[in-house]
Amino acid sequence: MIEITFLGSGGGRFITITQFRSTGGFFIRASRNIYVDPGPGALVRSWRYKLDPRRLDVIFVSHRHVDHCNDAEIMIEAMTGGALKKRGVLIASKSVVYGDDSYNPAVSRYHLDSLEEVHTPEPGNRLSLGEEELTITPSMHSDPTTIGFRMGTKFGDISYIPDTQYFDELKKWHEGSRLMIIAITRPRDMRIPYHLCTEDVVYMLKTMGQKPEAIVMNHIGMKMHFANPYKEARFIENVTGVKTFVAKEGFKVMLDKKEIAVKTLRPARFV
């Protein structure tokens, strides 16, 4: 079984600074323990749900924006035993590791030197992570180095589509995945550049020859939050026939050969 636990479902500057929805990213337990987009709160909420960050094997950061990378350094410190052990893998966009015209690198040289491997892959590159294989996928975002992934597993593929606006090749990269985690920042009739809205996802799913078994709405912005993401999820499901879940803190997805099951965890402790 593969387990995905969400340590937050929010995204965008206003949700991040208000924490109306937490922004800790999500944790994948497969043959390797993988943390994806450790935004603000990743460390605290990992402990809240008994996900020991010292047991991480891989950290994936899609791009340099603070709601995706704020806790990257402290999660690297946890993974490397306080930066005292050279271990673990970082897979990140070029902007995270090298910075760009607008941002300094999100990870210091000190933290990079504590890792066994650092990868800044291009779309189409493949990386083996234990029994799984990650295919890096493209995005069209204001950070042009933004990357997503499609993870091949023995239970079917799992896709992660981070911040991006819709472009025709997007569905070609992710078509056939069994489960898709999608950053749907905006509700119907509120599209903005570089982000997906409800209509974009409906169009993508309806035009796929092989639809996913389920999608999880993630990276919910302020407009989506107040528009009621559960209402938007019902709309997507009714129009496309694809089971649609809304991520929230403590939301857990379990995938095996037979089914995709979900439950909501209670915090083990408050930190």
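The chain is numbered in sequence order, starting from 1. Side chains are part of it too, since the values below use all heavy atoms of this structure and drop only hydrogens, waters and symmetry mates.
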If you define the side chain from C-beta out and look only at heavy atoms, does anything of I215 sit under 4.5 Å from L205?
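I215 reaches L205 side chain to side chain.
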Could you report the tightest heavy-atom contact between T16 and G11, atom names first, then the distance?
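Minimum heavy-atom contact is OG1-C, 4.4 Å.
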Side chain of R87, backbone of M79: donor and acceptor closer than 3.5 Å?
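Yes, because the side chain of R87 sits within donor-acceptor range (under 3.5 Å) of the backbone of M79.
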Side chain of E131, backbone of T153: donor and acceptor closer than 3.5 Å?
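The answer is no, because no donor-acceptor pair under 3.5 Å joins these two groups.
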Kindly say whether A183 contributes a backbone atom to a donor-acceptor pair with the side chain of N218 at under 3.5 angstrom?
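No; judged by distance alone, with no hydrogens or angles, the pair does not exist.
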Can you tell me if K85 uses its side chain to pair, donor with acceptor, with the backbone of T80 under 3.5 Å?
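Flag not set: sc K85 to bb T80 has no pair under 3.5 Å.
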Using only atom types and a distance under 3.5 Å, with no angle test, would you say the side chain of N70 pairs donor to acceptor with the backbone of D67?
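No; zero donor-acceptor contacts below 3.5 Å.
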Spacing of L196 atom CG and I184 atom CD1 [to the nearest 0.5 Å]:
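With rounding to 0.5 Å, CG (L196) is 7.0 Å from CD1 (I184).
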With heavy-atom distances below 4.5 Å as the criterion, would you say the side chains of L43 and M75 are in contact?
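The answer is yes; the side chains approach within 4.5 Å.
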Begin with the C-alpha distance, continue with both residues' side-chain angles, and end with the deciding distance and a verdict on side-chain hydrogen bond (donor to acceptor under 3.5 Å, both in side chains) for S177 and H174.
CA-CA 6 Å; S177 287; H174 297 283; 5.0 Å; no
pair Y160-M151: side-chain heavy atoms closer than 4.5 Å:
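When only atoms from C-beta onward are counted, M151 and Y160 do not touch, as no gap falls below 4.5 Å.
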Least distance between heavy atoms, L170 atom then P138 atom
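Taking L170 first and P138 second, the nearest heavy atoms are CD1-O, 4.1 Å.
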Short N-O contact, E213 and K243, less than 4.0 angstrom:
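Answer for the salt bridge query: no.
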For the atom pair NZ (K94) and CG (D100), what is the distance rounded to the nearest 0.5 Å?
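Nearest 0.5 Å value for the NZ-CG distance: 12.5 Å.
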Between K252 and I4, is there a side-chain heavy-atom distance shorter than 4.5 Å?
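They are not in contact (no side-chain heavy atoms under 4.5 Å apart), so the answer is no.
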Audit row: L255, L179, side chain to side chain contact (heavy atoms under 4.5 Å, CB included) steps and yes/no
CA-CA 9 Å; L255 185 147; L179 174 68; 4.1 Å; yes
Could you go through the side chain to side chain contact (heavy atoms under 4.5 Å, CB included) check for D52 and W47 one step at a time?
CA-CA 6 Å; D52 189 341; W47 286 113; 3.3 Å; yes
Between the side chains of S95 and D143, is a donor N or O closer than 3.5 angstrom to an acceptor N or O?
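Short answer, yes.
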CA sep, side-chain torsions, deciding dist, call: F149, V36, side chain to side chain contact (heavy atoms under 4.5 Å, CB included):
CA-CA 10 Å; F149 64 77; V36 179; 4.0 Å; yes
V118 side chain reached by V97 side chain, heavy atoms, under 4.5 Å:
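The answer is yes; the side chains approach within 4.5 Å.
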Hey, can you tell me if H63 and H68 have their rings parallel, tilted or perpendicular (30° and 60° cut-offs)?
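Rings of H63 and H68: tilted, as their planes differ by 30° to 60°.
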Given F6, which of F245, F26, Y49 fulfils the ring-ring contact (aromatic ring centres under 6.0 Å, His included) condition?
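Testing F6 for a ring-ring contact (aromatic ring centres under 6.0 Å, His included) against F245, F26, Y49 leaves exactly one candidate, F26.
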Test item: V89 and F60 side chains (from C-beta on) under 4.5 Å apart, heavy atoms
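Contact flag for V89/F60 side chains = no.
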Measure the OG1-CD1 distance between T23 and I220 for me, rounded to the nearest 0.5 Å.
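Nearest 0.5 Å value for the OG1-CD1 distance: 12.5 Å.
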Quick one about T240 and K211 (side-chain donor to acceptor, distance below 3.5 Å, no hydrogens or angles considered), yes or no?
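T240 and K211 do not have a side-chain donor-acceptor pair below 3.5 Å.
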Measure across T207 and Y203 and return the closest heavy-atom pair with its distance rounded to 0.1 Å.
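It is OG1-O, 2.8 Å.
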Within a radius of less than 6.0 Å around CZ of R55, do more than 12 heavy atoms belonging to other residues, nucleotides or ligands occur?
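Counting other residues, nucleotides and ligands, CZ of R55 stays at 12 neighbours or fewer.
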What distance separates S46 OG from I74 CD1, expressed to the nearest 0.5 Å?
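If I round to the nearest 0.5 Å, the distance is 11.0 Å.
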Looking at S62, is its backbone amide N or carbonyl O close enough to the side chain of D37 to form a donor-acceptor pair, meaning the two atoms are under 3.5 Å apart?
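Confirmed, D37 side chain pairs with S62 backbone.
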Take E77 and Y110, measure what side chain to side chain contact (heavy atoms under 4.5 Å, CB included) needs, and give me the verdict at the end.
CA-CA 10 Å; E77 286 205 25; Y110 169 80; 4.3 Å; yes
I need the E175 CD to M180 CE distance, nearest 0.5 Å.
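Result: 9.5 Å between the selected atoms.
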In terms of side-chain heavy atoms, does H195 have a donor or acceptor partner in Q165 at a distance below 3.5 Å?
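Looking only at side-chain atoms, Q165 and H195 do not form any donor-acceptor pair under 3.5 Å.
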So does K50 have more than 12 non-hydrogen atoms from other groups sitting under 6.0 Å from NZ?
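No, the 6.0 Å shell around NZ holds no more than 12 heavy atoms from other groups.
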Tell me whether D157 is salt-bridged to R178, with the criterion being a basic N under 4.0 Å from an acidic carboxylate O.
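No, D157 and R178 are not salt-bridged.
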Contact summary for Y35 and G24, nearest pair of heavy atoms:
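Looks like OH-O, 2.5 Å.
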Is any side-chain heavy atom of R45 closer than 4.5 Å to one of S22?
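Contact flag for S22/R45 side chains = yes.
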Minimum heavy-atom distance between V107 and A72, given as atom pair plus value
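Smallest interatomic distance, heavy atoms only, reads CG2-CB, 4.3 Å.
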N-O pairing of D256 and K258 below 4.0 Å
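Looking at K258 together with D256, the answer is no, because their closest N to O distance does not fall below 4.0 Å.
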Do you know the tightest heavy-atom contact between I15 and M222?
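For I15 and M222, the tightest heavy-atom pair comes out as CG1-N, 3.4 Å.
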In sequence, state the C-alpha distance, the side-chain angles, and the governing distance for E249 and R48, and then conclude on salt bridge (charged side-chain N to carboxylate O under 4.0 Å, His left out).
CA-CA 10 Å; E249 182 182 317; R48 184 176 289 180; 3.0 Å; yes
Donor-acceptor pair, E132 side chain versus S31 backbone, under 3.5 Å?
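Indeed, once roles are kept as given, a pair shorter than 3.5 Å links the two residues.
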Donor-acceptor pair between D163 and H219 side chains, under 3.5 angstrom
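Yes, H219 and D163 have a side-chain donor paired with an acceptor closer than 3.5 Å.
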Got a salt bridge between R186 and D200, using NZ or NE/NH1/NH2 to carboxylate O under 4.0 Å?
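No, this pair does not count.
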Is there a donor-acceptor pair under 3.5 Å between the side chain of E237 and the backbone N or O of T244?
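Yes, because the side chain of E237 sits within donor-acceptor range (under 3.5 Å) of the backbone of T244.
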When you compare the side chains of S108 and H111, does any donor N or O come within less than 3.5 Å of an acceptor on the partner?
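Indeed, the side chains of S108 and H111 share at least one donor-acceptor pair under 3.5 Å.
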Answer whether the closest heavy-atom distance between the side chains of L56 and F27 falls below 4.5 Å.
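They are in side-chain contact.
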Using a 6.0 Å cut-off, check whether atom CZ of F14 has over 12 heavy atoms from anything other than its own residue.
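Check fails, neighbour count at 12 or below.
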As an exercise, state the distance from CD1 of I2 to CZ of R29, rounded to the nearest 0.5 Å.
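Going from the CD1 atom of I2 to the CZ atom of R29 covers 12.0 Å.
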Under 6.0 Å from the NZ atom of K248, do we count more than 12 heavy atoms belonging to anything else shown?
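Counting other residues, nucleotides and ligands, NZ of K248 stays at 12 neighbours or fewer.
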Should we count OH of Y194 as having more than 12 external heavy atoms under 6.0 Å?
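No, OH of Y194 has 12 or fewer neighbouring heavy atoms, counting only those of other groups under 6.0 Å.
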Taking atom types as modelled and ignoring hydrogens, do the side chains of S9 and R21 form a donor-acceptor contact shorter than 3.5 angstrom?
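The criterion, which ignores hydrogens and geometry beyond distance, is satisfied for R21 and S9.
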